[in-house]
Amino acid sequence: MFRDHNIWEPAVAALIQNRLGMGLTYQAGRAPVFSFDLMHGATGLLHALVTADSFLATGAVEYALLVAGDTHPCTDRGVADFPYSAGAAALLLGRSAAAGGFGRLHTCETPGAVDPIAWVDLGAAGAGGRHAVCVRAGGQDPVDLAVAVVRSCVDEQGLDGGDFAEGQALLLAPSHLSGFRTRLANTLAIPARSVIGFDPAIGVPYTAAPVHAYLNALNVGLLDTARTVIFLAADSASAASLAHHPRPAAPTRRTLLTAGTNEQH
């Protein structure tokens, strides 16, 4: 949502692909690299996971590289009234028999008209519109939206509080809002220790937050015993959740979350 110089065209994904030098020429017998933007606020990465999985399921695509990140459009790293830290994260998806894959995406949106989360006031910005953005403070508490999608996901997976208490299930709930994870755990009746956010040392991520939460859980060893990892993303307008199974319940060939990195630039 928050891009360098408010870039809309060309797609930021195409610019990243060009910087990486990936598949820039078409060659006989080689599958071309297809890149495109997918934006859906805080939940964009989870929608991208499902989109990538649909490509991988065909067998024609071996890997999908998902990149998420945000910055103030002026690209300064410390704008006083900008609520998010400049940063990015990436994860690589592939097909493997050593993983259980992803479940169905569960979504929930605020009913009725929703005020924009971010916009450019062209009248005030004038010729500097490419370097300006307004961000709405406050808005609807995302806990209710988050609870709705997590409950739907947990019910479909057949999980209960015992699975979370024993470390077999883990909820990744990246939010910078004070008390968000505690209220979420209390409402869902699961232990607070099973609800994991991102490491505060990285600042306040937005679209890349689910990857940072995954890496935080990985770094502290919480993924060692988890058989189900629930991804959650939410803001004041929408929420999304889906389950990831690091190990398969039975031999199968499904999608694997293989790697994740984060960079503070």
For residues 147-155, which side-chain donor-acceptor pairs fall under 3.5 Å, sequence neighbours excluded?
residue : atom : partner : partner atom : Å
Arg151  : NH2  : Thr187  : O            : 3.1
Ser152  : OG   : His106  : ND1          : 2.7

Is [Y] close to [X] at the side-chain level, that is, under 4.5 Å between some pair of heavy atoms?
| X | Y | result |
| --- | --- | --- |
| His245 | Arg227 | no |
| Pro142 | Asp235 | no |
| His176 | Tyr206 | no |
| Asp76 | Phe82 | no |
| Pro83 | Val204 | no |
| Asp53 | Leu93 | no |
| Leu223 | Tyr214 | yes |
| Leu184 | Leu232 | yes |

How many angstroms lie between [atom1] in [X] and [atom2] in [Y], if you round to the nearest 0.5 Å?
| X | Y | atom1 | atom2 | result |
| --- | --- | --- | --- | --- |
| Asn6 | Cys74 | CG | SG | 10.0 Å |
| Leu49 | Leu91 | CG | CG | 6.0 Å |
| Thr228 | Leu171 | OG1 | CG | 12.0 Å |
| Thr51 | Leu56 | OG1 | CG | 11.0 Å |
| Leu15 | Ile7 | CG | CD1 | 5.5 Å |
| Leu105 | Ser241 | CG | OG | 8.0 Å |

Ignoring hydrogens and angles, tell me if any N or O in the side chain of [X] forms a donor-acceptor pair with the backbone of [Y] under 3.5 Å.
| X | Y | answer |
| --- | --- | --- |
| Asn186 | Thr182 | yes |
| Asn219 | Leu215 | yes |
| Asn216 | Gly197 | yes |

How close do [X] and [Y] get, heavy atom to heavy atom, and via which atoms?
| X | Y | answer |
| --- | --- | --- |
| Arg136 | Pro116 | NE-O, 2.9 Å |
| Arg193 | Ala165 | NH2-O, 3.1 Å |
| Ala208 | Asp70 | N-OD2, 4.3 Å |
| Leu65 | Ala90 | CD1-CB, 4.3 Å |
| Gly203 | Phe198 | O-CE1, 3.3 Å |
| Ala185 | Ala192 | CB-CA, 3.8 Å |

*Parallel, tilted or perpendicular: rings of Phe102 and His244 (30°, 60°)*: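 If you compare the ring of His244 with that of Phe102, the planes turn out tilted.
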Less than 3.5 Å apart, which donor and acceptor atoms pair up between the side chains of residues 32-45 and the rest of the protein, not counting sequence neighbours?
residue : atom : partner : partner atom : Å
Ser35   : OG   : Gln17   : OE1          : 2.6
Asp37   : OD1  : Val12   : N            : 3.3
Asp37   : OD1  : Ala13   : N            : 2.8
Asp37   : OD2  : Val12   : N            : 2.8
His40   : ND1  : Thr43   : OG1          : 3.1
Thr43   : OG1  : His40   : O            : 2.9

*asked:* Other members of the hydrophobic cluster containing Leu24, with the 4.5 Å side-chain heavy-atom rule, please.
replied: none
*Take atom CZ of Arg104 as the centre, draw a 6.0 Å sphere, and report whether it contains more than 12 heavy atoms from other residues, nucleotides or ligands.*
yes
